[in-house]
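These numbers come from the heavy atoms of this one structure, side chains and all, not from hydrogens, waters or symmetry mates. Heads up: numbering here begins at 1 and tracks the sequence.
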Amino acid sequence: ELALASPTNAWVHAACSAMHRVLRPKHIKNFQVPTLIIASGGDQIVSTPVIERLSPYLRVAHHITIRHARHEIIFERDDLRKQFWAAFDAFIPGSKTLHDN
């Protein structure tokens, strides 16, 4: 009974408003939460070049792009998914036991 559908106008408006606020340089430079950004090189939903331009402004962010991966990296083929988990494990100590089954 559950299904994915197109975003509503309200969702698009809220998402664009949030992005506009968050992407202000004043806001970005004050962001202090350690963040791992894993972009998909073949993403057709989210702009990987925009992610790559934003990442250097985040002081405590680490960024990688997995070439040829599409939007849902976890559902990719094994070689791409392994790259995701390797980056995740390097960023989150002790995480390997969570997904290594």
For this session: Check step by step if side chain to side chain contact (heavy atoms under 4.5 Å, CB included) holds for Trp85 and Ile74.
Result: CA-CA 9 Å; Trp85 286 120; Ile74 298 298; 3.9 Å; yes
For this session: May I ask you to test the Ser17-His13 pair for a side-chain heavy-atom distance under 4.5 Å?
Result: yes
For this session: Look at atom CD of Gln44 and say whether more than 12 heavy atoms of other residues, nucleotides or ligands are closer to it than 6.0 Å.
Result: no
Exercise. When rounded to the nearest 0.5 angstrom, what is the spacing between CD in Glu52 and OG in Ser47?
Worked result: 8.5 Å
Exercise. Taking atom CZ of Phe75 and atom CG of Leu80, what is their separation to the nearest 0.5 Å?
Worked result: 14.5 Å
Seminar exercise, completed: For Trp11, the other hydrophobic cluster members (4.5 Å side-chain criterion, sorted by chain and number) are Val12
For this session: Find the distance between CD (Glu72) and CD1 (Ile45) and round it off to the nearest 0.5 Å.
Result: 7.0 Å
Exercise. Side chain of Thr65, backbone of Ala39: donor and acceptor closer than 3.5 Å?
Worked result: no
Problem set entry | Aromatic plane relationship, His27 with Phe31 - under 30° parallel, 30 to 60° tilted, over 60° perpendicular | tilted
Exercise. How many angstroms lie between CE in Met19 and CG in Leu54, if you round to the nearest 0.5 Å?
Worked result: 11.5 Å
Exercise. Shared ILVMFWY cluster between Ile92 and Val60, side chains joined below 4.5 angstrom?
Worked result: no
Exercise. Considering residues at least two apart in sequence or located in another chain, which fulfil the side-chain contact (heavy atoms from CB on, under 4.5 Å) criterion with Pro56?
Worked result: none
Exercise. Can you list the residues that meet the side-chain hydrogen bond (donor to acceptor under 3.5 Å, both in side chains) rule with Arg77, with sequence neighbours excluded?
Worked result: Asp79
Seminar exercise, completed: By side-chain contact (heavy atoms from CB on, under 4.5 Å), Arg70 pairs with (sequence neighbours left out) Glu76
Problem set entry | Partner set under side-chain contact (heavy atoms from CB on, under 4.5 Å) for His62, not counting sequence neighbours | Leu36, Phe91
For this session: With sequence neighbours left out, write down each residue that passes side-chain contact (heavy atoms from CB on, under 4.5 Å) with Ser55, or none if nothing qualifies.
Result: Ile37, Ile51, His63
Exercise. Looking only at atom types and distance, does a side-chain atom of Thr35 sit under 3.5 Å from a main-chain N or O of Val33, one as donor and one as acceptor?
Worked result: yes
For this session: Inspect the surroundings of NE2 in His71 and state if more than 12 heavy atoms from other residues, nucleotides or ligands are less than 6.0 Å away.
Result: yes
For this session: Using a 4.5 Å cut-off on heavy atoms from C-beta on, say whether the side chain of Ile73 contacts that of Ser40.
Result: yes
